[in-house]
Amino acid sequence: NVMSWPQLVAAVRAGAAPADGAGSGGEDWVAAMAERAEEAAAAIVAVCRRTMADVASCERAANAGALEAVVAAMRSHAADTGVQEVACAALKIVCNGGDAAGLLRKQRAAVADALEAVVAAMRAHAADTGVQEVACAALKIVCNGGDAAGLLRKQRAAVADALEAVVAAMRAHAADT
């Protein structure tokens, strides 16, 4: 029983992983979300924006596979500026937080290759101010943390050439405010 697209989006908005149509690790769900990347990322962002009033929304979204779905969408739609910008915003919003749960979300994003996906977005959309701005913010949020895992995330970002991408963005958009 494969879930329909509206059911997938409703599941993301509700903060629960779909029970039907998902593989043992949610692979089918992540693939389905990647196929409809722009809608998926927008739904994830909508869920996460509730964190201003409800911090638990990001935790539910992360537990439902939102981070993995966002990275899959970024890979599947690498040429789509809108998808990259919204996906970086989703990563920034979901991973925000310095508490233990926030640090775990940051680590989960890193394990899902979010840092590499963000750097790839910055390279592919170097001329787009919106992508560069939100991608830099996403890198900052995901790398934040003084614990051992935080230091490894910073090292992983360096290996992915995040520093070079940020410097290139600063140079290319120096006149932008």
Side-chain angles (χ1 to χ4, degrees), residues 3 8-19 21-34 37 40-75 83-122 131-163 165-166 169:
M3 293 183 79
L8 285 169
V9 171
V12 171
R13 287 193 173 127
S24 59
E27 298 87 0
D28 294 341
W29 181 55
V30 171
M33 294 297 270
I44 292 164
V45 168
V47 168
C48 296
R49 284 203 172 133
R50 280 191 260 154
T51 60
M52 304 297 182
D54 177 16
V55 177
S57 293
C58 275
E59 192 63 24
R60 287 192 304 270
N63 289 338
L67 296 167
E68 294 81 359
V70 167
V71 172
M74 292 177 81
R75 287 186 185 137
V83 169
Q84 299 305 311
E85 186 172 352
V86 172
C88 286
L91 290 170
K92 178 184 93 164
I93 293 167
V94 174
C95 294
N96 196 22
D99 61 346
L103 293 173
L104 287 173
R105 290 190 304 273
K106 294 172 198 299
Q107 190 59 31
R108 185 171 180 160
V111 169
D113 294 333
L115 295 166
E116 294 82 356
V118 170
V119 171
M122 293 179 78
V131 170
Q132 298 303 310
E133 197 172 297
V134 74
C136 286
L139 288 172
K140 176 188 172 212
I141 294 290
V142 174
C143 289
N144 191 22
D147 59 341
L151 296 174
L152 289 174
R153 287 191 302 275
K154 290 173 181 74
Q155 183 178 27
R156 185 173 183 149
V159 169
D161 292 330
L163 296 173
V166 170

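All values below come from the heavy atoms of this structure, side chains included, with hydrogens, waters and symmetry mates left out.
Checked against side chain to side chain donor-acceptor pair (under 3.5 Å), D147 has no partners two or more places apart in sequence or in another chain. Shown here are the salt bridge (charged side-chain N to carboxylate O under 4.0 Å, His left out) partners of R108, two or more places apart in sequence or in another chain: E68.
Note: K140 NZ to C136 SG = 11.0 Å, rounded to the nearest 0.5 Å. We find the CG-CG distance between L91 and L139 to be 9.5 Å, quoted to the nearest 0.5 Å.
For the pair L67 and C95, the minimum side-chain heavy-atom distance is below 4.5 Å. Side-chain contact between L103 and R153 is present, with heavy atoms from C-beta onward closer than 4.5 Å.
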- request: Start with the C-alpha distance between E116 and V71, add both sets of side-chain angles, then the distance that settles side-chain contact (heavy atoms from CB on, under 4.5 Å), and finish with yes or no.
  value: CA-CA 9 Å; E116 294 82 356; V71 172; over 6 Å; no
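The shortest heavy-atom contact between G97 and K106 is O-CE, 3.1 Å. Scanning both residues, M122 and A165, for their nearest heavy atoms gives CE-O, 3.5 Å.
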